[in-house]
Undergrad: 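Below: one structure in structure tokens.
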Amino acid sequence: MLSVVSVEKSYATPQGPTPVLRGASLEVGRGESVALMGESGSGKSTLLHLIAGLDSADAGAIRIGNVEVTALDDAGRARLRRETVGVVFQQFNLIPSLTVADNLAFQARLADRHDAAWIATLTARLGLDGLGDRYPEQLSGGQQQRVAIGRALAARPALALADEPTGALDEGSADAFTALARDLAAETGCAFLMATHSARLAAMLDRTARISRGVVA
Ligand SMILES: Nc1ncnc2c1ncn2[C@@H]1O[C@H](COP(=O)(O)OP(=O)(O)OP(=O)(O)O)[C@@H](O)[C@H]1O
Ligand SMILES: [Mg+2]
């Protein structure tokens, strides 16, 4: 489902271009959940941004299904983020002016794939029944991240990416989030890639990929 082949990325710095990814390769299959680990600064967020089409690689190929992300123009990358990829970040995930129900439906509506029955199923699975009319500020951190993964999966994306989604959560909430994301991805055939510093959470997923010195081992 996701195929990253020999991706290179440097950032311009006052000291000249600094390489972060030096031929990173990674595969995530349909319904598979993979933890992306590596030291701070190793390039986890950089790789996730490239996969999501938020930035462009200097070299290499990124394919999601049969879409070659590295070949898309701006409009194509915007459509990719709308229809094919769901993303969860550490915080500031939800739209504060929308209720839980509207946050959940938001991306599916953008992708023109709103499915009330699927949203109802997600709401129940995520333990959010009865919270639909609340606003994000009225939820706990763990509840907010469960809404965020629900929103990311509501449009039935081929791929879900999460960048340290549990960084601001206690252990119990982090475990619950990770188990739900893994199970929902497996059930919907979505490929799930999650950057984390936690070996405990990584062990809950199918496999761990480790970035070190710009390559994935
Ligand atoms: N926009 C940018 N301009 C210049 N350098 C950058 C930029 N973004 C990231 N970097 C550098 O690239 C390297 C990789 O950063 P990245 O954020 O991908 O690491 P990370 O593995 O996600 O780290 P963390 O675990 O702390 O989130 C770091 O050295 C960082 O300073
Ligand atoms: Mg990061």
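What you are looking at is a predicted structure, and each value in this text was computed from that prediction instead of being measured. In listed order, ligands and their atoms are each counted from 1. Values below: all heavy atoms of this structure, side chains included; hydrogens, waters and symmetry mates excluded.
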Undergrad: Hey, are the side chains of Val85 and Pro157 touching, using non-hydrogen atoms and a 4.5 Å cut-off?
TA: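 When only atoms from C-beta onward are counted, Pro157 and Val85 do not touch, as no gap falls below 4.5 Å.
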Undergrad: Could you check if a side-chain atom of Leu72 sits within less than 4.5 angstrom of a side-chain atom of Arg79, using non-hydrogen atoms only?
TA: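 Leu72 does not reach Arg79 side chain to side chain.
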Undergrad: Enter the distance from Glu164:CD to Met194:CE here, rounded to the nearest 0.5 Å.
TA: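 It is 9.5 Å, given to the nearest 0.5 Å.
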Undergrad: In Å and rounded to the nearest 0.5 Å, what is the CD to CZ distance from Glu8 to Arg22?
TA: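 The CD atom of Glu8 sits 10.0 Å away from the CZ atom of Arg22.
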Undergrad: List nothing but the number: protein N/O/S atoms under 2.8 Å from the Mg ion (ligand 2).
TA: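 N, O or S atoms of the protein closer than 2.8 Å: 1.
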Undergrad: How long is the span from the CZ atom in Arg151 to the CZ atom in Arg109, to the nearest 0.5 Å?
TA: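 Nearest 0.5 Å value for the CZ-CZ distance: 13.0 Å.
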Undergrad: As an exercise, state the distance from CG of Leu21 to OH of Tyr11, rounded to the nearest 0.5 Å.
TA: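 Those atoms lie 7.5 Å apart.
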Undergrad: To the nearest 0.5 Å, what is the distance between CG on Leu159 and CG on Leu2?
TA: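 With rounding to 0.5 Å, CG (Leu159) is 5.5 Å from CG (Leu2).
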Undergrad: Taking any residue with a non-hydrogen atom under 4.0 angstrom from an atom of ligand 1, which ones do you get?
TA: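 Near ligand 1, by chain and number: Tyr11, Val20, Glu39, Ser40, Gly41, Ser42, Gly43, Lys44, Ser45, Thr46, Glu164, His197.
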Undergrad: Give me the atom names and distance for the closest heavy-atom approach of Met37 to Thr196.
TA: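 The answer is CG-O, 3.6 Å.
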Undergrad: Does any non-hydrogen side-chain atom of Val88 lie less than 4.5 Å from one of Asp163?
TA: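 No, too far: nothing below the 4.5 Å cut-off.
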